[in-house]
Structure formats: C-alpha cells, structure tokens
Amino acid sequence: MPRTNTHSVTDDAPVELHADVLVIGGGPAGTWAAVAAAQQGARVILVDKGYCGTSGATAPSGTGVWYVPPHPEERRAAMGSRYALGGFLAERVWMERVLEQTYANVNTIADWGYPFPTDDDGRPFRRSLRGPEYMRLMRRKVLQSGVKILDHSPALSLLVDEHGVGGATGIRTQTDQAWTVIAGAVVIATGGCAFLSKALGCNVLTGDGLLMSAEAGAELSGMEFSNAYAICPKFSSVTKTLFYNWATFYYESGEVIEGAGSQRGRSVIARTLLSQPVYARIDKASEEMQTWMRQAQPNFFVPFDRAGINPFQDRFEVTLRLEGTVRGTGGIRLVDETCATGVPGLYAAGDAATRELICGGFTGGGSHNAAWAMSSGYWAGQSAARYAHRLGDKHHLRRPAPLWDAGAGPRQAASESAGSTGEVISAVQQEVMPCDRNLFRCERNLNDSLRRLDAVWHTIRYERAPTGSLQKRREAEAMTATARWMYTAALERTETRGMHKRTDFQTADEEQQHRLVVSGLDEIHIHTEPVQHPLEVVPS
C-alpha cells in the first residue's frame with residue numbers, strides 16, 4: 001500500500017531526498033503519473049516549477065476531453081476525425097489505447113468526486129473538464145496517495161550514472177535552497193514550450209524537460225509541428241479559442257475579412273496581421289448560447305468585463321499568440337507503449353512527449369491533448385514504478401551526477417556575459433514568434449533563423465553565460481534548444497503537412513508521409529521513422 005503523507009514538503013525539507021519514482025511536472029500528466037506510480041506501491045516525489053494544481057496550461061482553463069464510449073462505430077469516427085488534418089501520421093494502435101484509457105480515467109475521476117454535469121436526459125456529460133476543479137482534485141488525490149510534493153521547485157538537471165537516469169537536481173525558488181532527489185526512475189511531465197509568449201497558463205512552459213531529456217540522450221519527434229498560434233484579444237493573455245467559432249472578423253474599416261472564420265481562418269488572420277490590425281465580434285452566438293458560454297468558460301470573459309467590452313456586441317482587436325509545442329504535437333520520442341524514452345530509467349508523458357502518435361501533425365486545444373495527458377501520464381507512472389522495483393531496494397545507494405553544471409565548461413565569468421537571460425530569451429522570441437517566420441516558413445528564413453539561433457546556443461553554452469538566476473538561465477537554454485530542433489525539422493520537411501506550412505513547398509508530398517526524429521545538442525541529427533500502424537481510411 002502507498003505510504004500516507006497528506007502534506008507537502010516544507011521549507012525545512014532535507015537537501016537530499018530519496019524515492020522510487022520522481023515525477024517532474026505537476027500538471028495533468030504529472031499528477032496522473034504520480035498517482036499511478038503510487039498505486040504500484042512506489043515511493044513517489046513530485047516536483048513542480050509552480051504550485052501543483054494551479055500552474056500550467058490546464059489549471060486556468062476549461063478543456064474538452066477525447067472521451068468516447070466503447071462503441072466501435074463511434075470510436076472509428078473519433079479516430080478518423082482529425083486523421084487527415086494531421087497529415088496521416090497518427091497511429092491506429094495508439095489512438096485505440098488512448099481512447100480506452102481516457103474512458104477509464106475519466107470515469108475514475110467521476111468516482112473520485114469530480115462534479116460532471118448531466119445532459120437534458122439526466123445522463124452524465126463527461127467530455128469536458130473545468131481546469132481549476134480538475135487540478136484541485138488531482139492535487140488532493142496525489143497527496144492522498146502518499147506522494148510528496150515539492151512546490152516552486154524547478155528541476156535544473158537530470159542525474160545519471162552507469163545504470164541510466166537516477167534522479168534530478170533543482171532549486172526551491174522561494175528559499176533559494178538546492179534540492180536533489182535520488183530515484184530509481186524519472187517521469188518527465190514538464191509540458192511543452194510556448195516561449196514565454198504570455199499565452200494563458202504557459203509562463204512555466206519553457207521546454208525544460210525537452211532539454212534535460214536530450215542531454216540524457218533522448219530523441220524528439222514532430223518538432224516541425226510546433227508552430228501553433230492561438231487567437232487572443234490583444235489586451236489579454238486568454239488564448240481560449242473555441243468561442244471564435246461564433247465570431248466574425250473585421251478589418252479596421254469595418255469590412256468583413258472573408259475566410260477568417262473558416263477552418264483555415266488562422267492563416268487568413270495571420271496574413272492580415274502582417275499589414276494591419278484585425279478585429280472580432282462574437283456575433284453569431286444566440287442569447288442561449290451566450291449564457292452557456294459564460295457558464296462553460298467564465299475566465300474567457302474576465303478581461304472583457306474588466307475592460308468594459310461586451311464581446312457579443314462590441315468589436316475588439318485580436319492578435320495571435322504563439323503556443324509552440326503546447327498546442328503543437330512535437331516532443332520527446334517514445335520507444336514503446338510504456339512511454340519509455342529509450343534512456344534507461346527515463347519516461348515521458350503529456351505535452352513533453354510527442355503527440356504525433358494520436359494527432360499526427362495537427363491538434364487544437366483540449367480534446368486529444370487532455371486525453372493524451374491523462375493516458376500517457378498513467379502509463380508512464382506505472383512503467384516507472386515497475387522499472388524502479390526491478391532495480392531492487394538499493395537504488396537509493398546510487399550516486400548519479402548532474403548532466404548540467406552551472407559552473408562547468410569553458411565559459412567566461414558573468415562580467416563578460418552574453419547579456420541577461422531576458423536578452424537571450426528576447427533573441428529567441430524574435431526568431432520564433434513572427435508569423436511570417438514561423439507560421440509561414442521558407443528555406444531562406446529558416447536558414448537565417450537557424451544561423452542566429454546556433455550562435456546564441458554556442459555563446460550561452462560554451463563562451464559566456466548570461467546573467468540571471470539559474471532557473472532563468474536554464475529556461476533560456478531550453479527555449480534556444482527547442483527553437484533549433486523546430487527549425488531543423490521544418491527545414492528538412494520540404495512540403496506542407498499538418499500545421500507545418502512551407503511557402504516554397506505548398507502541397508503534401510506522399511514520399512514524406514513519415515515522422516522526423518531529431519537528436520543532439522551542439523550538432524543536431526535527424527532521421528525518418530515510418531508510421532507503423534496507419535488508420536484505414538474508408539472512402540465516403
């Protein structure tokens with residue numbers, strides 16, 4: 001039975017802790033991993049950069065869930081719904097597994113007391129979750145499972161020895177105290193990378209887990225599908241886009257922008273924004289629909305209410321905020337159904353792991369993402385616990401060393417630094433945020449950006465460390481590394497597929513219906529991987 005521990009670790013916690021499983025990240029994937037590992041009898045520690053239960057993209061949001069009852073026809077339709085949009089890169093076997101596990105996990109959440117609403121016939125409606133309530137419940141369940149939580153404790157480096165990954169080290173930001181966890185296995189559930197674009201809930205999502213995993217030797221897949229942008233009021237960080245399905249978009253003159261509300265509307269809006277502002281009004285929603293909207297996603301309306309704007313009647317200016325791999329599909333490559341990364345002792349889940357397996361090269365908000373988080377988190381936690389148990393009860397005697405050391409390498413003193421971490425981050429953002437560079441890609445721009453990003457990488461890793469806290473320095477490195485992987489893969493994929501759009505190759509190439517796997521830090525390597533279990537598409 002899991003050990004009982006119904007409180008978080010406090011500020012006087014020891015510098016070194018021991019566990020069977022260390023989970024890095026406290027969002028849906030991380031909390032499911034922690035609960036699943038504890039259910040296997042493992043001693044589990046979870047560390048979160050923020051406060052587990054409130055940090056990350058899910059906590060402040062409402063989210064749909066890919067919850068489909070076990071009816072063959074419904075599940076076939078669910079698997080086929082986004083298959084073409086994703087460029088035919090998803091795997092039938094993985095989609096089937098995720099649908100089955102998500103169905104079970106959502107029903108488990110109901111058993112734990114989540115207040116699902118009922119439909120007009122009195123049946124429970126379980127295809128959406130309110131983020132604040134969902135994550136409060138998950139934090140409570142984590143603690144009830146005997147898991148120790150270290151809040152405000154970002155991981156800075158994995159620990160490795162001759163047996164593989166054996167824990168991690170980091171810092172407690174509220175006390176400036178270093179921490180080390182020696183563990184039999186580690187689950188990376190740190191989320192994706194949104195490049196500090198101010199998208200809702202994404203301020204902690206800077207690609208840290210991708211960098212730490214790559215340093216340990218893990219590969220990444222689908223990094224070219226990492227250019228997701230969300231419609232957002234220009235005065236707000238709320239990147240929830242569902243309600244824009246009922247919006248009309250306008251030029252400043254008041255003329256309607258044709259095509260902006262279609263499936264390809266984001267591209268139309270992006271192209272318009274290159275030369276002029278864009279305005280929106282959610283004027284296609286009935287009064288009944290407006291009432292439902294406010295009940296379903298109340299935080300969507302908070303910035304409007306504060307600004308005195310009625311979005312159903314008033315036009316308001318919109319922009320596009322980069323969400324990168326958070327709503328993209330790229331991430332750490334999984335080598336099998338256990339969510340193993342190929343590095344002994346290291347597992348990955350949620351947005352940190354590639355979602356190509358169920359989404360291919362396209363996904364939106366919620367739905368598949370939420371299903372993937374709870375399913376892959378559950379599998380990764382179970383697998384990590386079983387791996388740790390196979391090591392026996394002496395893994396706490398290991399003395400693994402960190403892969404990253406702030407003082408290592410030939411870099412010069414901070415007085416001769418590469419500038420502040422803020423300046424480094426800004427330099428990366430200048431390459432990845434503009435739509436005409438990232439959303440609409442071409443060989444010349446990709447090469448130009450890669451040349452500058454390579455220079456930033458070499459400087460901060462080997463010549464002059466940027467000034468700033470250790471946490472911010474690692475975030476700057478992670479964002480730089482993520483951008484380089486993205487653009488290396490984007491340059492290799494000479495076609496348009498999924499969300500990857502090349503202005504110099506505007507159609508899909510059947511010969512490139514495969515995945516691109518990248519690895520490496522200083523020198524990035526790339527190879528192709530076939531789709532093993534494609535979905536059989538029945539002509540309509």
Side-chain angles (χ1 to χ4, degrees), residues 63-107 119 123 125-129 221-222 224-228 241-242 244-245 261-267 325-331 333-334 337 339 350-351 353-376 378-379 493 495-501 507-516 528-540:
T63 181
V65 184
W66 205 32
Y67 176 87
V68 183
H71 303 144
E73 289 300 322
E74 287 188 44
R75 290 203 171 171
R76 272 195 292 271
M79 290 189 290
S81 63
R82 297 186 184 180
Y83 189 54
L85 282 173
F88 307 102
L89 297 180
E91 299 267 359
R92 172 182 52 79
V93 171
W94 278 92
M95 286 192 282
E96 290 173 343
R97 292 184 70 225
V98 167
L99 283 170
E100 188 67 24
Q101 190 65 60
T102 299
Y103 186 75
N105 284 17
V106 170
N107 292 339
D119 61 20
R123 294 172 299 192
F125 182 79
R126 297 182 177 176
R127 294 185 177 178
S128 65
L129 291 163
S221 182
E224 69 274 34
F225 305 121
S226 302
N227 58 336
T241 58
L242 173 64
Y244 292 103
N245 291 333
S262 67
Q263 192 175 74
R264 299 181 183 275
R266 221 154 293 186
S267 294
T325 72
V326 177
R327 282 194 182 175
T329 64
R333 175 177 174 266
L334 305 181
E337 64 183 17
C339 294
D351 291 356
T354 180
R355 279 195 305 275
E356 284 178 299
L357 297 165
I358 66 165
C359 298
F362 170 86
T363 183
S367 187
H368 293 58
N369 306 3
W372 177 245
M374 62 174 63
S375 299
S376 62
Y378 185 84
W379 297 326
R493 189 173 286 284
E495 61 165 353
T496 288
R497 184 181 297 272
M499 66 175 61
H500 168 70
K501 297 176 176 63
T507 58
D509 175 7
E510 290 186 7
E511 297 300 315
Q512 297 186 54
Q513 193 171 311
H514 50 235
R515 285 191 278 275
L516 295 179
T528 63
E529 180 178 75
V531 177
Q532 296 289 344
H533 303 284
L535 183 68
E536 182 179 352
V537 180
V538 179
S540 57

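Since the structure is predicted, the reported quantities are computational estimates derived from the model, not experimental observations.
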How far apart are the closest heavy atoms of [X] and [Y], and which atoms are they?
X	Y	answer
Ala370	Gly64	CB-O, 3.4 Å
Ala78	Val68	CB-CG2, 3.8 Å
Ser376	Cys339	O-SG, 3.7 Å
Val98	Trp372	CG2-CE3, 3.8 Å
Ala90	Val531	O-CG1, 3.6 Å
Gln532	Arg515	N-NH2, 4.5 Å

Would you say that Val106 contacts Met374 through its side chain, given a criterion of any heavy-atom pair below 4.5 Å between the two side chains?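 Val106 vs Met374: side chains touch.
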[Y] backbone acceptor or donor facing [X] side chain under 3.5 Å:
X	Y	answer
Arg127	Tyr67	yes
Tyr103	Pro70	no
Thr329	Gly360	yes
Arg327	Thr363	no
Asp509	Glu495	no
Thr102	Leu99	no
Asn107	Ala104	no

Could you give the distance from [atom1] ([X]) to [atom2] ([Y]), rounded to the nearest 0.5 Å?
X	Y	atom1	atom2	result
Trp94	Leu334	CH2	CG	5.5 Å
Phe362	Arg82	CZ	CZ	6.0 Å
Arg76	Glu96	CZ	CD	10.0 Å
Ser367	Leu242	OG	CG	11.0 Å
Arg92	Leu535	CZ	CG	8.0 Å
Cys359	Leu89	SG	CG	11.0 Å

Under a 4.0 Å N-O cut-off, is there an ion pair linking Glu100 with Arg75?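 Salt bridge present between Glu100 and Arg75.
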Tell me which one of Lys501, Met499, Arg493 satisfies side chain to side chain contact (heavy atoms under 4.5 Å, CB included) with Arg497.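 Output: one option passes, namely Arg493.
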Start with the C-alpha distance between Thr507 and Thr496, add both sets of side-chain angles, then the distance that settles side chain to side chain contact (heavy atoms under 4.5 Å, CB included), and finish with yes or no. CA-CA 5 Å; Thr507 58; Thr496 288; over 6 Å; no
Show, in sequence, the C-alpha distance, side-chain angles and deciding distance for Leu357 and Arg97, and conclude whether the side chain to side chain contact (heavy atoms under 4.5 Å, CB included) test is met. CA-CA 11 Å; Leu357 297 165; Arg97 292 184 70 225; over 6 Å; no
Which label fits His368 and Trp66: parallel for a plane angle under 30°, tilted from 30 to 60°, or perpendicular past 60°?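 Ring orientation, 0 to 90° scale: parallel.
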Please state whether the rings of His500 and Phe225 are parallel, tilted or perpendicular, taking 30° and 60° as the class boundaries.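 Geometry flag for Phe225 against His500: perpendicular rings.
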Quick check on Glu529: does its CD atom have over 12 non-hydrogen neighbours (other residues, nucleotides or ligands) under 6.0 Å away?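 Enclosed: over 12 neighbouring heavy atoms sit under 6.0 Å from CD of Glu529.
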